[in-house]
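From a predicted model like this one, the values you see are computed outputs, not experimental measurements.
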Amino acid sequence: MSRSTLWCSACETELPIKSRVTRCPKCAGLLEVRLTDVRENGAGLRRRFDERLKLQRGVERSGVWRYREVIYPAARDDEIVSHPEGNTPLIDRAAISDWAGVDGLLLKHEGHNPTGSFKDRGMTTGVTHAVRIGCRAIACASTGNTSASLAAYGAQAGLTAVVFIPAGKVALGKMAQTLAYGATTLAVKGDFDTCLKLIDAAGPDLGLYLLNSINPWRLEGQKAIVLEILQQLAWQVPDWLVLPGGNLGNTSAFGKALREALELGIIDKVPRIAVIQAAGASPFAQSFAEAFTTRPVVTADTVATAIRIGDPASFDRAVATIRLTNGVVSSVTDDEILAAKRLIDRAGVGCEPASAASVAGVRKLVAAGTIGRGETVVAVLTGHVLKDPEILLRPGATTPPIEVGASVEEIGVALKGLGLGG
């Protein structure tokens with residue numbers, strides 16, 4: 001039976017697993033979960049995980065709880081809050097591979113999760129921990145995806161959900177989900193970074209358990225993205241994992257998953273990680289260009305709302321991921337993001353703008369010679385196409401509806417040039 005403890009990487013304070021805090025009480029550093037007493041070797045864990053793919057019912061059907069020994073071993077079945085989530089596809093589309101310049105580019109589409117984004121992976125573990133420690137209310141700051149997920153999982157668990165969003169800066173699809181699931185929604189006059197600072201400061205006094213990615217249990221669930229990719233590739237390690245970067249929780253989770261998988265013998269090497277930011281919200285990319293000797297804070301401005309973050313909370317943990325994997329950080333413009341999104345959408349895959357940053361980043365890194373055409377590359381699409389429907393209504397983004405009268409003649413005129421008919 002494996003176990004886990006909470007540990008502060010800054011001052012090395014160890015805390016009981018059922019702690020309510022999300023920061024170290026001694027130094028205010030971020031906490032992480034440490035696995036101990038993992039009894040099975042890598043081969044045994046791989047077999048166990050593979051056997052669970054056959055399950056049709058139960059919590060281990062989940063693409064998170066299938067890996068429970070390395071995610072949250074202490075959680076009992078009756079404590080777990082699961083939709084279920086995960087089990088998202090690896091998608092291969094020749095048109096996207098050709099455009100990006102990589103033979104056989106694979107897309108890990110996390111938009112197939114229950115609320116349409118990867119956030120559900122971290123929320124199942126975060127809300128499960130909230131239930132285990134007896135919390136009554138959970139909260140987050142959000143650009144939309146986290147709030148939708150927290151609202152859904154909070155509703156399932158019967159917990160009060162409170163979300164802080166930047167007023168006027170959350171896409172309609174995400175806002176609609178948050179409201180539908182019944183969360184109390186506070187629209188703050190400020191950006192995401194302002195919202196996070198407010199909830200981080202006020203949450204404990206208000207009895208709110210914070211479930212942003214600074215919460216260590218959120219990252220445990222998000223590790224499952226990497227584990228599932230590896231399992232889908234028959235435990236063969238790809239050359240590259242490419243993902244969008246916003247608050248850098250996923251980047252941190254990916255590094256932790258790979259480090260643990262290597263230590264446990266599940267894999268024998270790690271892939272390189274490429275983090276792609278929007279040019280208008282690229283403090284991590286700017287820091288990478290300076291060999292991480294600086295930590296800039298920017299005023300974020302990008303169409304990719306999910307990564308419109310100027311002061312990433314998981315910055316230091318993400319640096320560790322880049323160093324572990326000999327990774328790179330780059331940025332792409334909004335025009336490059338929207339070009340990639342159009343291609344992904346027209347290939348019948350679809351994604352929100354932030355997701356398209358990963359594919360745009362692959363194309364840029366191939367052009368720079370960083371990624372080779374023949375290398376194995378998995379790009380993560382983090383959110384569903386309907387997360388940000390407003391973007392599809394912009395001039396030139398899509399072909400608008402053609403209004404016609406109810407006659408065969410007018411339909412024929414409207415469809416002239418499509419090569420239809422006998």
Side-chain angles (χ1 to χ4, degrees), residues 83 87-100 105 107-120 142-145 147-149 151-152 155 165 167-183 185 187 244 278 302-306 308 333-360 363 379 381-422:
H83 191 279
N87 297 306
T88 60
L90 276 180
I91 299 171
D92 181 1
R93 293 289 187 274
I96 301 174
S97 296
D98 291 344
W99 184 84
L105 172 67
L107 308 175
K108 179 62 170 171
H109 204 330
E110 288 295 291
H112 288 238
N113 272 291
T115 72
S117 86
F118 75 92
K119 303 288 186 177
D120 295 338
S142 180
T143 57
N145 282 332
S147 64
S149 186
I165 61 170
K169 297 179 182 178
V170 174
L172 179 61
K174 303 169 188 179
M175 175 69 83
Q177 287 181 287
T178 303
L179 298 177
Y181 295 128
T185 304
T302 173
V303 297
T305 57
R308 191 160 57 196
T333 67
D334 280 1
D335 286 345
E336 290 171 319
I337 287 172
L338 293 178
K341 175 177 163 52
R342 280 192 295 272
L343 182 78
I344 295 165
D345 292 350
R346 299 297 170 86
V349 176
C351 68
E352 69 169 318
S355 297
S358 61
V359 175
R363 179 181 170 96
L381 304 181
T382 47
H384 195 276
V385 66
L386 294 180
K387 283 288 189 174
D388 198 345
E390 299 100 316
I391 203 75
L392 300 174
L393 302 179
R394 290 188 172 203
T398 56
T399 303
I402 303 170
E403 189 170 319
V404 298
S407 73
V408 173
E409 291 77 13
E410 287 199 39
I411 291 171
V413 171
L415 298 183
K416 186 178 181 180
L418 294 183
L420 302 175

Is a side-chain N or O of Arg308 found less than 3.5 angstrom from the main chain of Val170, in a donor-acceptor match? no

Polar side-chain atom of Thr302 near backbone of Ala278 as donor-acceptor pair, under 3.5 Å: no

Look only at the side chain of Asn145 and the backbone of Ser117, and say whether a donor-acceptor pair between them is shorter than 3.5 Å. no

Which heavy-atom pair separates Ala354 from Pro244 by the least distance, and what is that distance? O-CG, 3.3 Å

Provide the closest heavy-atom pair for Ala304 versus Ile337 in the form atom of the first, atom of the second, distance. CB-CD1, 4.2 Å

Using a 3.5 Å distance criterion without hydrogens, assess whether the side chain of Arg93 forms a donor-acceptor pair with backbone atoms of Val349. no

Could you list the donor-acceptor pairs under 3.5 angstrom formed by side chains in residues 401-415, with sequence neighbours left out?
unit_1	atom_1	unit_2	atom_2	d
Ser407	OG	Glu410	N	3.2
Glu410	OE1	Gly405	N	2.8

Between Lys387 (side chain) and Thr382 (backbone), is there a donor-acceptor pair under 3.5 Å? no

Kindly say whether Glu110 contributes a backbone atom to a donor-acceptor pair with the side chain of Asn113 at under 3.5 angstrom? yes

Hey, does Leu392 have a side-chain heavy atom less than 4.5 Å from the side chain of Lys341? yes

Flag the pair Thr88 / Phe118 as yes when at least one side-chain heavy-atom distance between them is below 4.5 Å, and no otherwise. no

Is the shortest side-chain N to carboxylate O distance from Glu352 to Lys174 below 4.0 Å? yes

Residues forming a side chain to side chain donor-acceptor pair (under 3.5 Å) with Thr178, sequence neighbours excluded: Ser147

Flag side-chain contact, heavy atom, 4.5 Å: Leu107 against Leu105: yes

Under 3.5 Å: donor-acceptor pair, side chain of His112, backbone of His384: no

Flag the pair Ile344 / Cys351 as yes when at least one side-chain heavy-atom distance between them is below 4.5 Å, and no otherwise. yes

Checking the side chain of Ser355 only, and the main-chain atoms of Gly383 only, is there a donor and an acceptor separated by less than 3.5 Å? yes

